[in-house]
Amino acid sequence: MARKHAANPTPPARTTNPVPDLGGEQPGEFTGRYLVLMQTDGMKEGLQIIRAATGLGQVCNAADYEDGAVDMAESDAAEVLVLDQLSIAVVDTDPTQAGSLLAAEADDNAILAVEPERIIHAISAHENTGTVEFPFDYLKGYRDAVNHLYDSLTGAPGESGADFAEAAMDSARLTWGLQATLVGQSRFSGRGIRVAVLDTGLDLAHPDFAGRSINSQSFVTGEAVQDRNGHGTHCIGAAMGPKSPPTGVRRYGCAFGSEIFVGKVLSNQGSGTDRSILTGINWALTNKCRVISMSLGARCRPGDPFSQIYESIAQSALQSNPGTLIIAAAGNNSRLPNGRRQEPPNPVSHPANCPSIMAVAALDANFRIAPFSDGGINPNGGGVDIAGPGVSVFSSYPMNQGGHTSLSGTSMATPHVAGIAAMWLEARGPGTPAQALWQLLTGNARRMALPSRDVGAGLVQAPQ
Amino acid sequence: MTVTKLLAVNVKIDGDYLDRLHEVVGKLQNEGFVLSESLDAIGVLIGSVPAAALGKLSAVQGVSAVEKSRSDYHTQEP
């Protein structure tokens with residue numbers, strides 16, 4: 001598992017040492033100290049072994065500080081810092097003595113593993129180093145090292161590792177979803193790819209979309225494309241919002257180079273009919289949109305079959321040359337009144353339940369399935385295919401309603417997949433067939449430690 | 001006066017019959033189908049039919065599926 005190592009200068013009062021020779025590949029920067037992982041019920045014995053192996057005596061214990069708020073000046077002076085909640089001792093010793101610790105590790109005793117302490121820099125710099133406030137960045141370094149130890153000991157890939165945790169919060173530059181899907185670091189923007197979002201329309205005067213190629217059409221009788229709901233503007237933002245929003249907010253959109261096709265198929269009240277949706281799909285296909293995003297659905301019950309008509313349309317679109325990928329929200333009908341997710345979840349909604357339509361589930365910033373997100377209950381294609389960021393998703397909103405807001409739903413996860421699909425088309429060439437695009441999305445999704453019933457192939461990832 | 005209840009329906013045309021769409025539409029109309037829109041790119045006819053005649057539409061040659069039109073679509077926010 002890739003870990004973040006820094007190109008930045010080392011933090012004050014920490015010196016970068018050459019790689020200690022503990023055998024095996026040890027890439028990265030190190031502090032010169034060692035992390036010793038002990039059995040949770042063997043801390044006392046473990047400390048005795050450390051003392052015996054290293055001759056060190058001055059011990060600082062995190063448990064002696066209120067809320068674990070260790071005074072770093074005192075801990076720096078100590079030769080052994082004990083983090084008893086983590087069953088870890090940080091040992092300030094030289095490589096020779098570390099070798100003795102390694103020998104102790106090999107014995108059958110309270111020492112489970114010994115690892116050189118890594119220097120891991122925070123993504124956002126913690127400049128306030130002069131205070132006695134607990135340095136969380138530094139603790140994060142411990143956590144990463146612990147994860148690494150755990151992975152080494154168990155052979156597990158560390159699915160809920162530090163890389164994930166770091167990505168799970170909006171930064172000043174990027175939403176958590178763009179970090180988790182690797183959109184923020186991608187070279188691609190979906191340049192020139194036509195993406196249709198069939199929804200409640202778009203705030204056509206929104207400054208974040210000024211200068212963009214926008215084609216729009218309303219298929220709702222008596223209503224203009226102008227979005228008076230907000231949902232459509234939010235979805236289009238997540239799929240294709242700008243690289244650097246002129247409004248000064250963090251980046252929230254995936255395919256900023258794509259051509260925007262706005263098909264209004266849901267009313268300003270957020271509801272719609274087959275007539276509007278089918279007409280919208282027809283329009284998007286006529287305009288050679290390569291990706292169609294539909295953050296809409298109608299509830300299904302267990303045992304309901306999928307629509308033959310939608311399936312036939314999606315299958316033809318997928319199989320034509322170069323073809324079009326239709327993506328739809330898995331549905332939001334699985335949250336119980338107490339806020340938890342029902343078990344089993346409600347089945348994937350129509351039309352996402354069609355085998356040839358890519359059904360998108362919603363994950364939260366902690367990479368758990370969203371409690372509302374529907375699951376693959378019905379057979380014959382009614383499964384979830386992929387997952388996207390769908391809880392507390394920041395994106396554009398009509399200017400007369402604030403300009404931006406955070407929303408949750410499989411509605412929000414879906415346009416992330418659509419935007420990333422456009423990025424893959426740019427990356428692999430615009431002639432890439434839609435069927436291959438389906439494989440690129442699912443094949444490159446980040447596997448999650450969650451049932452495929454809930455997340456399909458996993459979390460969608462952008463090409464790099 | 002008898003009121004005939006009309007059902008809104010979507011009719012999918014078999015891909016092999018798209019070049020003879022006129023013919024298929026004519027046969028559907030003979031069964032009581034009222035065409036409101038023909039969506040060529042997806043091979044779908046949108047229209048309505050007397051409830052009693054619904055079953056006859058799927059038997060028309062060139063029709064691959066007939067479904068009642070839904071109007072219960074919503075944005076997918078919880």
Side-chain angles (χ1 to χ4, degrees), chain A residues 199-200 229 231-232 234-235 265-266 269-279 281-287 294-299 307-313 316-317 328-335 349-352 360 362 370-374 390 407-414, chain B residues 5-22 24-25 27-29 31-51 53-78:
Chain A
D199 211 284
T200 61
N229 178 288
H231 188 268
H234 200 274
C235 290
V265 302
L266 298 177
Q269 279 66 51
S271 59
T273 63
D274 268 335
R275 182 182 184 133
S276 297
I277 295 163
L278 290 171
T279 312
I281 295 173
N282 191 70
W283 169 78
L285 292 176
T286 304
N287 282 285
M294 299 197 296
S295 291
L296 54 84
R299 187 178 182 141
S307 159
Q308 296 291 336
I309 291 183
Y310 278 80
E311 169 57 16
S312 176
I313 293 166
S316 298
N332 297 350
N333 304 297
S334 295
R335 186 160 64 188
S349 294
H350 161 76
V360 185
F372 50 77
S373 193
D374 291 338
L407 297 175
S408 298
T410 51
S411 271
M412 282 65 241
T414 302
Chain B
K5 191 184 173 196
L6 286 178
L7 287 177
V9 292
N10 309 312
V11 180
K12 182 78 177 78
I13 306 301
D14 189 320
D16 294 340
Y17 285 80
L18 286 176
D19 52 352
R20 285 169 277 165
L21 195 58
H22 262 51
V24 182
V25 171
K27 287 178 187 166
L28 285 167
Q29 286 170 332
E31 301 294 348
F33 178 71
V34 180
L35 177 68
S36 21
E37 205 150 356
S38 174
L39 305 174
D40 296 348
I42 58 175
V44 170
L45 305 176
I46 290 177
S48 54
V49 67
L54 179 63
K56 295 178 185 168
L57 298 190
S58 52
V60 169
Q61 201 169 30
V63 169
S64 63
V66 179
E67 291 174 2
K68 287 185 201 172
S69 183
R70 300 180 70 140
S71 56
D72 57 344
Y73 292 93
H74 296 282
T75 56
Q76 291 301 303
E77 293 171 278

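Each chain gets a letter, A, B and so on, in the order its sequence line appears, and its residues count up from 1.
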Select one option (side chain, backbone, both, neither) describing which atoms of Leu266(A) are under 4.5 Å from chain B's heavy atoms.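 Just its side chain gets close to chain B.
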Heavy-atom side-chain proximity of [X] to [Y] below 4.5 angstrom:
X         : Y         : value
Thr279(A) : Ile46(B)  : yes
Ser295(A) : Glu77(B)  : no
Thr273(A) : Arg70(B)  : no
Val44(B)  : Asn282(A) : no
Tyr73(B)  : Ser276(A) : no

If you count heavy-atom pairs under 4.5 Å with chain B, which of [options] comes out on top?
options                                    : result
Leu278(A), Thr286(A), Leu285(A), Val265(A) : Leu278(A)
Ser271(A), Ser349(A), Gly270(A), Gly297(A) : Gly297(A)
Ile277(A), Ile313(A), Asp274(A)            : Asp274(A)
Ala330(A), Gly272(A), Ala362(A)            : Gly272(A)
Ser411(A), Gly409(A), Ser316(A)            : Ser411(A)

Measure the [atom1]-[atom2] distance between [X] and [Y] for me, rounded to the nearest 0.5 Å.
X         : Y         : atom1 : atom2 : result
Asp72(B)  : His350(A) : CG    : NE2   : 7.5 Å
Tyr310(A) : Ile42(B)  : OH    : CD1   : 8.0 Å
Asn333(A) : His74(B)  : CG    : NE2   : 10.0 Å

Pairing donors with acceptors under 3.5 angstrom, does anything connect the side chains of Glu67(B) and Ser307(A)?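 Judged by distance alone, the side chains do pair up.
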Go through Lys12(B) and Gln308(A) one step at a time and tell me if the side-chain contact (heavy atoms from CB on, under 4.5 Å) criterion holds. CA-CA 9 Å; Lys12(B) 182 78 177 78; Gln308(A) 296 291 336; over 6 Å; no
Test side-chain contact (heavy atoms from CB on, under 4.5 Å) applied to Leu296(A) and Thr75(B), step by step: CA-CA 5 Å; Leu296(A) 54 84; Thr75(B) 56; over 6 Å; no
Locate the shortest heavy-atom distance separating Pro78(B) from Arg335(A); write the atom from each residue and the value.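 Minimum heavy-atom contact is CB-NH2, 3.6 Å.
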Identify the two heavy atoms, one from His231(A) and one from Gln76(B), that lie closest to each other, and give their separation to 0.1 Å.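 Result for this residue pair: NE2-N, 3.8 Å.
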Residue selection (most heavy-atom pairs with chain A, distance under 4.5 Å) from Ser64(B), Ser71(B), Gly15(B):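 Between Ser64(B), Ser71(B), Gly15(B), the count favours Ser71(B).
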Which of Val11(B), Leu39(B), Asn10(B) touches chain A most, by non-hydrogen pairs under 4.5 Å: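 The residue among Val11(B), Leu39(B), Asn10(B) with the greatest pair count is Leu39(B).
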